[in-house]
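Read through the structure below, which is laid out as structure tokens, and then see the notes.
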Amino acid sequence: MKLKLIAFFVLSCILKTHSQTVEVIDNNTLMPISGVEIFTKENPDKTITTNVQGKADISSILSNDEITFQNPKYTSVTYSVSRLKSMNY
């Protein structure tokens with residue numbers, strides 16, 4: 001039986017010169033989560049996946065649409081861009 005946690009917690013989005021990077025961590029352990037698929041409803045075929053450090057460059061999919069974070073071991077969550085910004089992005 002797979003452990004299902006309540007939610008992902010997007011700890012930070014680090015702005016770089018031409019990229020926007022999110023770091024996805026486990027809300028309970030504060031450890032990075034690799035293999036998280038990130039996509040928008042607008043373009044679900046364009047998926048970005050977090051690396052071993054739980055980071056992914058989302059500059060190519062960032063839009064006014066909602067962004068979904070999905071991993072089989074966790075409950076999927078969807079945030080609007082404005083919500084991500086309010087989470088210190």
Considering all heavy atoms, the nearest Gln70-Phe39 contact: OE1-CZ, 3.5 Å
Ser34 versus Val52, closest heavy-atom pair with distance: CB-CA, 3.7 Å
With Ser80 via side chain to side chain contact (heavy atoms under 4.5 Å, CB included) - residues at least two apart: Glu66, Ser82, Arg83
If you define the side chain from C-beta out and look only at heavy atoms, does anything of [X] sit under 4.5 Å from [Y]?
X     : Y     : result
Ile48 : Ser60 : yes
Phe69 : Val22 : yes
Asp26 : Tyr74 : yes
Ile67 : Tyr79 : no

Main-chain N/O of Ile33 paired with Thr50 side-chain donor or acceptor, under 3.5 Å: yes
Thr47 side chain to Glu37 backbone, donor-acceptor under 3.5 Å: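 Pair absent, no side-chain N/O of Thr47 close to backbone of Glu37.
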Pairing residues for Asn43 by the side chain to side chain donor-acceptor pair (under 3.5 Å) criterion, not counting sequence neighbours: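 Applying side chain to side chain donor-acceptor pair (under 3.5 Å) to Asn43 gives none.
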Under the side chain to side chain donor-acceptor pair (under 3.5 Å) test, residues paired with Thr49 that sit two or more places apart: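 So Thr49 forms no side chain to side chain donor-acceptor pair (under 3.5 Å) with any residue.
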Pairwise distance OG1(Thr78) to CD1(Ile38) - rounded to 0.5 angstrom: 11.5 Å
